[in-house]
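Contents: one structure, followed by commentary.
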Amino acid sequence: MNIKPIKNETDYLKALERLEVIFDAKKGTKKGDELEVLSILIDKYENETSPIGFPDPIEAIKFRMEQMGLKQKDLAEVIGFKSRVSEILNKKRKLTLEMIRNLNLKLHIPTEVLVQDY
(Lines give C-alpha, C1' and ligand atoms only; values in the text may rest on other atoms or scores of the structure.)
Protein backbone atom coordinates (compact mmCIF):
# COMPACT_ATOMS: atom_id res chain seq x y z
CA MET A 1 0.00 0.00 0.00
CA ASN A 2 1.59 3.23 -1.19
CA ILE A 3 -0.92 5.94 -0.31
CA LYS A 4 -0.05 9.62 -0.21
CA PRO A 5 -2.10 12.82 0.09
CA ILE A 6 -3.93 14.04 -2.99
CA LYS A 7 -2.59 17.53 -3.65
CA ASN A 8 -3.44 18.19 -7.28
CA GLU A 9 -5.38 16.96 -10.31
CA THR A 10 -2.63 14.52 -11.33
CA ASP A 11 -2.62 12.90 -7.88
CA TYR A 12 -6.41 12.77 -8.02
CA LEU A 13 -6.49 11.01 -11.39
CA LYS A 14 -3.89 8.47 -10.22
CA ALA A 15 -5.94 7.81 -7.10
CA LEU A 16 -9.08 7.25 -9.20
CA GLU A 17 -7.20 4.81 -11.42
CA ARG A 18 -5.99 2.86 -8.40
CA LEU A 19 -9.45 2.92 -6.86
CA GLU A 20 -10.86 1.36 -10.01
CA VAL A 21 -8.28 -1.46 -9.83
CA ILE A 22 -9.00 -2.35 -6.17
CA PHE A 23 -12.71 -1.48 -6.16
CA ASP A 24 -13.90 -5.04 -5.41
CA ALA A 25 -11.40 -5.66 -2.59
CA LYS A 26 -12.75 -7.50 0.43
CA LYS A 27 -13.02 -5.76 3.80
CA GLY A 28 -10.30 -6.67 6.25
CA THR A 29 -7.68 -7.35 3.58
CA LYS A 30 -4.71 -5.15 2.72
CA LYS A 31 -6.40 -4.07 -0.51
CA GLY A 32 -9.65 -3.53 1.39
CA ASP A 33 -7.85 -1.22 3.82
CA GLU A 34 -6.21 0.58 0.91
CA LEU A 35 -9.61 0.99 -0.74
CA GLU A 36 -11.07 2.52 2.42
CA VAL A 37 -8.21 5.00 2.96
CA LEU A 38 -8.05 5.91 -0.74
CA SER A 39 -11.79 6.58 -0.92
CA ILE A 40 -11.53 8.90 2.12
CA LEU A 41 -8.69 10.84 0.47
CA ILE A 42 -10.58 11.10 -2.81
CA ASP A 43 -13.73 12.29 -1.04
CA LYS A 44 -11.75 14.91 0.90
CA TYR A 45 -10.09 16.20 -2.27
CA GLU A 46 -13.39 16.37 -4.16
CA ASN A 47 -15.11 18.23 -1.31
CA GLU A 48 -12.28 20.76 -1.14
CA THR A 49 -11.99 21.37 -4.88
CA SER A 50 -15.59 20.99 -6.02
CA PRO A 51 -17.97 21.61 -3.13
CA ILE A 52 -21.62 21.05 -3.92
CA GLY A 53 -23.76 23.99 -2.86
CA PHE A 54 -27.32 24.00 -1.64
CA PRO A 55 -30.14 23.72 -4.16
CA ASP A 56 -32.43 26.62 -4.97
CA PRO A 57 -35.03 26.84 -2.14
CA ILE A 58 -38.04 26.75 -4.46
CA GLU A 59 -36.64 23.84 -6.46
CA ALA A 60 -36.04 22.02 -3.16
CA ILE A 61 -39.68 22.56 -2.18
CA LYS A 62 -40.91 21.32 -5.58
CA PHE A 63 -38.63 18.28 -5.38
CA ARG A 64 -39.85 17.39 -1.87
CA MET A 65 -43.46 17.84 -2.98
CA GLU A 66 -42.84 15.41 -5.83
CA GLN A 67 -41.16 12.93 -3.47
CA MET A 68 -44.07 13.09 -1.05
CA GLY A 69 -46.75 13.10 -3.74
CA LEU A 70 -48.05 16.52 -2.68
CA LYS A 71 -49.97 18.99 -4.81
CA GLN A 72 -50.05 22.78 -4.46
CA LYS A 73 -53.30 22.57 -2.50
CA ASP A 74 -51.56 20.27 0.04
CA LEU A 75 -48.87 22.88 0.54
CA ALA A 76 -51.53 25.47 1.45
CA GLU A 77 -51.72 23.84 4.90
CA VAL A 78 -48.01 24.51 5.38
CA ILE A 79 -47.64 27.94 3.75
CA GLY A 80 -51.08 29.49 3.84
CA PHE A 81 -53.55 30.25 1.09
CA LYS A 82 -53.47 28.43 -2.26
CA SER A 83 -52.74 31.72 -3.99
CA ARG A 84 -49.78 32.27 -1.66
CA VAL A 85 -48.41 28.82 -2.56
CA SER A 86 -48.63 29.71 -6.24
CA GLU A 87 -46.83 33.00 -5.66
CA ILE A 88 -44.05 31.25 -3.72
CA LEU A 89 -43.59 28.44 -6.27
CA ASN A 90 -43.48 31.00 -9.10
CA LYS A 91 -40.95 33.12 -7.18
CA LYS A 92 -43.27 36.11 -7.04
CA ARG A 93 -43.24 36.16 -3.24
CA LYS A 94 -40.42 35.44 -0.79
CA LEU A 95 -40.65 32.86 1.97
CA THR A 96 -41.30 34.30 5.43
CA LEU A 97 -39.63 33.04 8.58
CA GLU A 98 -42.85 31.30 9.62
CA MET A 99 -43.12 29.58 6.23
CA ILE A 100 -39.51 28.43 6.48
CA ARG A 101 -40.15 26.98 9.93
CA ASN A 102 -43.29 25.18 8.73
CA LEU A 103 -41.57 23.80 5.63
CA ASN A 104 -38.71 22.58 7.78
CA LEU A 105 -41.05 20.86 10.25
CA LYS A 106 -43.55 19.39 7.81
CA LEU A 107 -41.45 18.68 4.71
CA HIS A 108 -38.11 18.19 6.50
CA ILE A 109 -36.26 20.58 4.22
CA PRO A 110 -33.20 21.97 6.02
CA THR A 111 -33.49 25.62 7.00
CA GLU A 112 -30.03 26.22 5.48
CA VAL A 113 -31.59 25.49 2.09
CA LEU A 114 -34.76 27.54 2.63
CA VAL A 115 -33.12 30.76 3.85
CA GLN A 116 -31.04 31.27 0.70
CA ASP A 117 -31.74 34.09 -1.73
CA TYR A 118 -33.55 33.21 -4.92
Side-chain angles (χ1 to χ4, degrees):
M1 180 167 27
N2 185 17
I3 295 180
K4 60 182 186 169
I6 301 173
K7 297 179 181 178
N8 55 45
E9 189 71 17
T10 303
D11 292 343
Y12 173 66
L13 294 174
K14 286 180 184 176
L16 287 177
E17 286 176 15
R18 179 64 183 155
L19 183 75
E20 192 172 317
V21 171
I22 61 172
F23 191 75
D24 293 324
K26 303 262 189 257
K27 255 187 171 181
T29 65
K30 285 185 180 185
K31 284 187 179 180
D33 291 345
E34 181 182 1
L35 174 67
E36 186 176 350
V37 172
L38 196 56
S39 62
I40 291 168
L41 291 172
I42 290 170
D43 184 55
K44 182 180 181 297
Y45 180 80
E46 288 174 344
N47 288 335
E48 289 174 355
T49 58
S50 309
I52 299 173
F54 291 123
D56 176 83
I58 303 308
E59 293 307 314
I61 293 168
K62 289 177 181 178
F63 179 73
R64 183 68 79 193
M65 287 173 63
E66 184 179 318
Q67 283 183 319
M68 298 174 78
L70 300 175
K71 305 257 187 254
Q72 281 192 20
K73 65 178 182 162
D74 301 319
L75 208 56
E77 297 172 12
V78 179
I79 291 181
F81 305 105
K82 281 196 245 180
S83 60
R84 177 90 17 100
V85 173
S86 179
E87 291 173 340
I88 295 292
L89 294 180
N90 290 308
K91 297 184 179 183
K92 293 181 179 178
R93 180 182 288 267
K94 297 286 187 184
L95 291 168
T96 66
L97 185 56
E98 184 179 348
M99 289 177 196
I100 290 170
R101 287 180 180 147
N102 288 337
L103 288 164
N104 173 258
L105 287 173
K106 305 226 166 113
L107 301 184
H108 308 288
I109 300 173
T111 55
E112 295 88 357
V113 171
L114 297 170
V115 297
Q116 296 180 98
D117 281 333
Y118 57 91

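Side chains are part of it too, since the values below use all heavy atoms of this structure and drop only hydrogens, waters and symmetry mates.
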Exercise. Got more than 12 heavy atoms from elsewhere within 6.0 Å of NZ, Lys31?
Worked result: no
Problem set entry | Under 4.5 Å side-chain linkage, directly or through intermediates, the cluster mates of Ile52 | none
Exercise. Ile6, Ile40: one ILVMFWY side-chain cluster at the under-4.5 Å cut-off?
Worked result: no
Seminar exercise, completed: Output for pair (Thr96 OG1, Asn102 CG), nearest 0.5 Å, gives 8.0 Å
For this session: Apply side-chain contact (heavy atoms from CB on, under 4.5 Å) to Thr10 and list each qualifying residue two or more places apart in sequence or on a separate chain.
Result: Asn8, Lys14
Exercise. Just wondering, more than 12 heavy atoms not from Glu46 lying within 6.0 Å of its CD?
Worked result: yes
Seminar exercise, completed: To the nearest 0.5 Å, atom NZ of Lys62 lies from atom CD of Gln72 at 8.5 Å
Problem set entry | All salt bridge (charged side-chain N to carboxylate O under 4.0 Å, His left out) counterparts of Lys106, not counting sequence neighbours | none
For this session: Return each pair, listed once, that meets ring-ring contact (aromatic ring centres under 6.0 Å, His included) where at least one residue sits in residues 20-52; pairs must be two or more places apart or across chains.
Result: Tyr12-Tyr45
Problem set entry | Partner residues of Arg101 under the salt bridge (charged side-chain N to carboxylate O under 4.0 Å, His left out) criterion, sequence neighbours left out | none
For this session: Can you run down the side chain to side chain donor-acceptor pair (under 3.5 Å) pairs that involve residues 17-26, sequence neighbours left out, and say none if there aren't any?
Result: Arg18-Glu34
Problem set entry | Inter-residue atom distance Leu38.CG - Asp43.CG, 0.5 Å rounding | 11.5 Å
Exercise. So which residues get pulled into Leu114's cluster when ILVMFWY side chains under 4.5 Å apart are joined, directly or through others?
Worked result: Phe54, Ile58, Ile61, Met65, Met68, Leu70, Leu75, Val78, Ile79, Val85, Ile88, Leu89, Leu95, Met99, Ile100, Leu103, Leu107, Ile109, Val113, Val115, Tyr118
Exercise. Okay, side chain of Gln116, backbone of Pro55: is any donor-acceptor separation there less than 3.5 Å?
Worked result: yes
Exercise. With sequence neighbours left out, what residues match Lys91 under side chain to side chain donor-acceptor pair (under 3.5 Å)?
Worked result: Asp56
Exercise. Is there any ring-ring contact (aromatic ring centres under 6.0 Å, His included) pair reaching into residues 59-81, and which pairs are they, with sequence neighbours excluded?
Worked result: none
Problem set entry | By side-chain contact (heavy atoms from CB on, under 4.5 Å) - contacts of Asn90 (at least two apart) | Ser86, Lys92
Problem set entry | Flag, side chain of Arg64 to backbone of His108, donor-acceptor distance under 3.5 Å | yes
For this session: Return yes when atom CD of Glu59 has more than 12 non-hydrogen atoms of other residues, nucleotides or ligands closer than 6.0 Å, and no otherwise.
Result: yes
For this session: Check side-chain contact (heavy atoms from CB on, under 4.5 Å) between Lys73 and all other residues, then give those that pass, not counting sequence neighbours.
Result: Lys71, Lys82
Exercise. What's in the same ILVMFWY side-chain cluster as Leu105, cut-off under 4.5 Å, chained through other members?
Worked result: none
